[in-house]
Every structure is written in C-alpha cells, then in structure tokens.
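See structure below.
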Amino acid sequence: MEQAKIWPKGKSFKAGDYLEFTYNYEFVNVITTAKKTEYDQCKLPVFGIYQSGRDFIRLHRGHNYFFSGMGGQCQLGFKMAIFAE
C-alpha cells in the first residue's frame, strides 16, 4: 500500500491530465478530494466517490488527494497526493 504514496514522486502533472485507476471494486474504491483535512482524516466526502473498478479522473490545478474508503485502507496508508500545475 505504500506504493500509492511513492508512485507520483518524480512525476510531473498538469491540470487536465487524467489518472486511470484500475482495481477490484469489491475490495477497493477511489475517493477524491481537494481538501487536505479530508485526506489526512480519511473522511469520506459527499462527492468524489468512484467504484466502477476502472475510473479515469481528471486532475484540477493544485492539490489532488486520493484514497480508498473501504475497510480502513486509508488509515493503513492506501492514499496518494498529487500536485497538478
């Protein structure tokens, strides 16, 4: 799960880029938020919940935060922060 935090290091992202998330929707989902407090606290937002198993999520300018909202995975470190210019 630590790989989610490591993957963006050394990569450049721009607003409008898309990230593809491929996962088993029975065990994982993707939560996206622009709020660092929601990311830090693994708090589920009202919007930004993806659970199809294959999602393309467009980055907005600034900080983009992603985490899994299932089974305490976020609290175990299954999260990723990306900055898009």
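Hydrogens, waters and symmetry mates play no part in the numbers below; they use all other heavy atoms, side chains included.
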Are Tyr23 and Phe66 connected into the same hydrophobic cluster when the rule is that any two of I, L, V, M, F, W, Y join if their side-chain heavy atoms are below 4.5 Å apart?
yes
Does Asn29 reach the main-chain N or O of Tyr25 with its side chain, forming a donor-acceptor pair under 3.5 Å?
no
According to a hydrophobic-cluster definition based on side-chain heavy atoms being under 4.5 Å apart (Ile, Leu, Val, Met, Phe, Trp, Tyr only), do Leu44 and Phe27 belong together?
no
Just wondering, do Lys36 and His63 contact through their side chains at under 4.5 Å, heavy atoms?
no
Write down the atom of Glu38, the atom of Pro45, and the distance for their closest heavy-atom approach.
OE1-CB, 3.6 Å
Spatial distance of atom CG (Asn24) from atom CZ (Arg54) [nearest 0.5 Å]
15.0 Å
Any side-chain heavy-atom pair of Phe78 and Val28 under 4.5 Å
yes
Find the distance between OG (Ser12) and CD1 (Ile82) and round it off to the nearest 0.5 Å.
11.5 Å
Side-chain contact test, heavy atoms from C-beta onward, threshold under 4.5 Å: evaluate it for Trp7 versus Leu19 and give yes or no.
yes
Working for side chain to side chain contact (heavy atoms under 4.5 Å, CB included), residues Thr32 and Phe47:
CA-CA 8 Å; Thr32 180; Phe47 301 104; over 6 Å; no
Is the backbone of Gly62 close enough, under 3.5 Å, to the side chain of Asn64 for a donor and an acceptor to pair up by distance?
yes
Provide the closest heavy-atom pair for Ser68 versus Ile31 in the form atom of the first, atom of the second, distance.
C-CG1, 4.3 Å
Is the number of heavy atoms from other residues, nucleotides or ligands under 6.0 Å of Lys14 NZ greater than 12?
no
Which ILVMFWY residues are connected to Phe56, directly or by a chain of links, through side-chain heavy atoms under 4.5 Å apart?
Tyr18
Geometric cation-pi criterion Lys35 and Tyr65, 6.0 Å radius, 45° cone
no
Correct closest heavy-atom pair for Ala81 and Pro8 would be O-CG, 3.8 Å
Under a 4.5 Å cut-off applied to non-hydrogen side-chain atoms, are Phe67 and Thr33 in contact?
yes
Please list all pairs meeting side-chain hydrogen bond (donor to acceptor under 3.5 Å, both in side chains) that have one or both residues in residues 41-53, counting only residues at least two apart or in different chains.
Ser52-Asp55
Give me the atom names and distance for the closest heavy-atom approach of Ala84 to His60.
CB-O, 3.4 Å
Contact between Tyr39 and Lys79 at the side-chain level, heavy atoms closer than 4.5 Å - yes or no?
yes
Taking Arg61 first and then Glu85, would you say they form a salt bridge - that is, a charged N and a carboxylate O separated by under 4.0 Å?
no
